[in-house]
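Notes for the one structure printed next.
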Amino acid sequence: MRDDNGRALKPDDASERVILVDEADCPIGEDAKLDTHLKGRLHRAFSVFLFDRQGRTLLQKRADVKYHSRGKWANACCGHPRPGEDILDAARRRTFEELGIDVELGYGFQARYRAELDGGMVENELVHVFSGMAVSTLDPHPDEVSNTHFINLDELQADSARDSEPYSAWLCHYLDHHFADIVGLKMRMRAVV
C-alpha cells in the first residue's frame with residue numbers, strides 16, 4: 001500500500017509481533033518484536049540481497065529513526081515474518097515497504113546468528129536469505145532508509161574487513177560466514193538476466 005504521496009506505507013513497529021522458534025526453526029510462540037530483541041529470544045527472520053545487472057549488491061543505510069543500528073549500512077532488506085505469514089511473502093512485503101519496489105525473490109540459504117547491538121538490543125535469529133534483481137527505480141521510505149548504494153561484493157567484503165563500524169552486525173556476519181553463499185546468489189541472478 002502507498003500513502004497519498006505514493007510512498008510505501010510504514011508499519012507500526014510497536015504493534016509488530018515475531019515468531020519465536022527453536023534451533024530447528026520450529027515455531028514455539030510469538031512475542032512483540034521490541035521485547036524479543038531486548039530479551040534476546042531466538043526468532044525467525046529473513047534477509048534480502050538484491051543485485052543489479054552488473055552483479056553489484058544493493059546496500060541500504062538505515063534511517064536515523066530506527067530503534068537499533070541507526071545509520072549503519074545493511075544489505076537490501078531485513079525483517080521478520082508476522083505470525084501466520086509466509087516468509088517469502090514477508091520478504092517481498094518488507095522490500096516494498098522499505099525500498100518501494102516489488103521484486104521477485106528466490107530462496108538462497110539459511111543463517112543462524114546472534115549479536116549484541118546498541119540500545120541493549122540482541123539479535124538472535126534464524127534467518128532465511130533471499131535474493132532478487134533490483135531492476136526498477138527505488139523509492140525508499142525515509143523512516144526506513146536514508147541512502148542506497150550498489151557495490152561490488154569483493155569491495156564490500158574488503159571494506160568491512162578493514163572497518164566493520166559503518167556496517168550492520170548481520171551484514172558483517174553474512175560477509176564473514178556466508179560470503180560464498182552470497183556469491184552463489186549473485187551468480188544465479190546473473191544467469192537469469
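Residue numbers run from 1 in the order of the sequence given.
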Looking only at non-hydrogen atoms, find the nearest pair between [X] and [Y] and report the distance.
X    : Y    : result
N152 : R56  : N-CG, 4.0 Å
L105 : A91  : CD1-CB, 3.7 Å
C78  : S47  : SG-OG, 3.0 Å
P83  : V18  : CG-O, 4.4 Å
D22  : L126 : O-CD1, 3.3 Å
D118 : S69  : OD1-N, 3.0 Å

Taking a hydrophobic cluster as the set of Ile, Leu, Val, Met, Phe, Trp and Tyr residues connected by side-chain heavy atoms closer than 4.5 Å, whether directly or through intermediates, do [X] and [Y] fall within one such cluster?
X    : Y    : result
L34  : I19  : no
L156 : Y113 : yes
M187 : L175 : yes
L42  : L117 : no

Say whether, by atom type as modelled, one donor and one acceptor occur between the side chain of [X] and the main chain of [Y] under 3.5 angstrom.
X    : Y    : value
S164 : S160 : no
R114 : V122 : no
H43  : R41  : yes

Quick one: are [X] and [Y] in side-chain contact, heavy atoms under 4.5 Å?
X    : Y    : value
V103 : V48  : no
V145 : L138 : no
K186 : T57  : no
F49  : D181 : no
R44  : P27  : yes
D159 : I151 : no
H80  : E16  : no
E125 : E123 : yes

So W170 and H68, would you call those rings parallel, tilted or perpendicular, with 30° and 60° as cut-offs?
perpendicular
Using the ring of each side chain (for Trp, its six-membered ring), is H128 parallel, tilted or perpendicular to F130, with breaks at 30° and 60°?
parallel
Could you state the interatomic distance from [atom1] ([X]) to [atom2] ([Y]), rounded to the nearest 0.5 Å?
X    : Y    : atom1 : atom2 : answer
Y107 : R188 : OH    : CZ    : 10.0 Å
D64  : K66  : CG    : NZ    : 11.5 Å
I182 : Y174 : CD1   : OH    : 8.5 Å
F46  : R92  : CZ    : CZ    : 12.5 Å
S168 : R70  : OG    : CZ    : 14.5 Å
D31  : L20  : CG    : CG    : 5.5 Å

Residues R93, D89; criterion side chain to side chain contact (heavy atoms under 4.5 Å, CB included); working and verdict:
CA-CA 6 Å; R93 170 182 56 81; D89 292 341; over 6 Å; no
W73 and H149: side chain to side chain contact (heavy atoms under 4.5 Å, CB included), yes or no, with the steps?
CA-CA 9 Å; W73 287 99; H149 173 66; 3.8 Å; yes
Just to verify, which of E98, E144, K72 counts as forming a side-chain hydrogen bond (donor to acceptor under 3.5 Å, both in side chains) with Q60?
E98
Among side-chain atoms of N124 and R112, is any donor-acceptor pair under 3.5 angstrom?
yes
Examine the side chains of H37 and Y67 and answer whether a donor and an acceptor come within less than 3.5 Å of each other.
yes
When you look at H178 and H173, which way does the side chain to side chain contact (heavy atoms under 4.5 Å, CB included) test go after all the steps?
CA-CA 8 Å; H178 297 281; H173 173 84; 3.7 Å; yes
Check the pair M133 / D52 against side chain to side chain contact (heavy atoms under 4.5 Å, CB included), numbers first and verdict last.
CA-CA 6 Å; M133 294 294 295; D52 67 6; 5.8 Å; no
Is it true that, when you exclude E116 itself, more than 12 heavy atoms of the residues, nucleotides or ligands shown sit nearer than 6.0 Å to its CD?
no
